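Please read the structure below before turning to the comments.
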Amino acid sequence: MKTKQDIPARMMAIVTYGPRDYRLESVEVPKPEPREMLLKVEACGICAGDLKAFQGGKRFWGGGQFSQYIEEGCIGGHEFVGHIVSVGRDMEDTFQVGERVIAEQIVPCGSCEYCRKGLYWLCEPHEVFGFKRHLNGGFAEYMLLGEKSIVHRVPEGIPLEKAVLIEPLACSLHAIDRSTLQPDDLVVLSGCGALGLGMLAWMKAKYKVKVIALDLRKSRLDQAKKIGADYVFNPKDGELKEFVDSLTNGIGCDVYIEATGHPESVVQGLSCIRKQGRFVEFSVFNEDVSCDFSVIGDGKEIDIHGVSLSPYCYERTIRALEKGEIEVDGIVTHALNLGGYKQAFDLAESDGNAIKVILTP
Ligand SMILES: [Zn+2]
Ligand SMILES: [Zn+2]
């Protein structure tokens with residue numbers, strides 16, 4: 001095993017006990033097995049999914065049709081980036097101490113039906129960093145990357161406030177891939193959180209489309225304008241359908257990207273979209289959505305494209321950040337150290353000006 005000399009025996013970490021019960025504790029620094037590496041975390045973003053887990057969402061804690069996914073005692077965080085400080089014996093040919101890396105949020109099993117077909121992001125056990133005790137995440141000073149982790153090198157030239165966005169930007173890129181955009185499409189982007197703004201950045205960098213960005217928060221709409229939204233619209237200020245109709249002679253938008261996780265946004269999208277339009281869904285909902293499903297078939301013949309995670313998108317994202325191809329300045333709004341985790345979750349949950357809140361151990 002190759003290792004740095006100054007690794008302490010204990011570290012601080014935010015341990016998950018239950019909904020709204022996360023505690024900053026001193027725990028042992030894990031020791032890598034021969035096929036593992038130890039990462040010193042530079043920063044880890046708080047994702048909407050982390051927030052929904054913190055709030056006690058059913059998809060995480062069980063209830064309704066869901067069984068419990070998250071394990072008490074785990075350390076959260078899958079949007080991490082850091083430096084390798086220790087490399088297990090069997091990994092020494094592949095990675096070096098000191099390299100800056102990121103691992104994809106999902107750790108595929110490699111043997112299920114989906115993994116065998118190359119659809120690793122849909123892996124049946126679906127193990128994601130930060131939700132299981134054997135797969136602790138980046139809300140800690142150190143974390144382990146196992147042999148099944150998909151690890152990518154991150155150039156030192158990418159500043160931390162951009163490197164920490166690689167995971168959400170990779171997810172945003174997959175959403176845009178799944179939107180099958182055509183030249184001159186009018187796209188309604190509903191939700192300008194970090195994921196939505198990332199989607200906007202990709203659209204503006206790679207496609208000749210017009211985008212209407214939607215959010216209830218003015219600060220996010222201001223950020224969307226900076227990134228290049230052609231129009232911004234606050235649903236508090238009026239009916240989106242009227243606005244879209246006024247731009248399209250009553251036809252509707254070509255694509256509606258749902259990135260809010262709010263049921264009303266789904267209903268709104270189905271009403272604004274044109275016949276044979278595309279509805280792209282990338283959200284986690286805490287509540288059920290109820291809407292008139294017939295509009296998808298008999299009404300408008302809509303294509304629904306679901307989006308999950310970020311397959312084959314990390315390298316593309318790292319290259320784009322390295323070349324400065326996508327505009328992401330201003331998406332990270334707050335950085336706090338681990339001791340400020342309560343305030344960090346609070347900011348992410350309810351501060352009108354917060355977009356991406358990150359923890360820097
Ligand atoms: Zn995330
Ligand atoms: Zn699998």
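First listed ligand is number 1; within each ligand, the first listed atom is number 1. Given the structure is predicted, the values throughout are model-derived calculations rather than measurements.
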Pairs in or reaching into [range]: which pass side chain to side chain donor-acceptor pair (under 3.5 Å), with residues at least two apart or in two chains?
range: residues 78-91; answer: Thr3-Ser86, Glu79-Lys356, His83-Glu156
range: residues 296-305; answer: Gln276-Glu301
range: residues 182-197; answer: Asp184-Lys208, Asp185-Arg278, Ser190-Tyr256, Ser190-Ser265

Residue His78 atom name (nearest to the Zn ion (ligand 1); N/O/S): NE2
message: Tell me if the aromatic rings of Tyr69 and Phe131 count as close, with their centers under 6.0 Å from one another.
response: yes
Output field: ring centroids Phe345/Tyr22 closer than 6.0 Å: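 Here the rings of Tyr22 and Phe345 have centres that are less than 6.0 Å from each other.
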message: Check Lys204 with Glu327, please: is the shortest side-chain N to carboxylate O separation under 4.0 Å?
response: no
task: Considering only NZ, NE, NH1 and NH2 on the basic side and carboxylate oxygens on the acidic side, decide whether Lys52 and Asp50 come within less than 4.0 Å.
output: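 No salt bridge links Lys52 with Asp50.
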message: For the metal site, I want the angle between atom OE1 of Glu167 and atom SG of Cys47 with the Zn ion (ligand 1) at the apex, to 10°.
response: 160°
message: I'd like to know: is the Zn ion (ligand 1) within the 2.8 Å range of an N/O/S atom from Glu79, strictly under that distance?
response: yes
task: Would you mind counting protein N, O or S atoms that sit less than 2.8 Å from the Zn ion (ligand 2)?
output: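 Those protein atoms number 4 in total.
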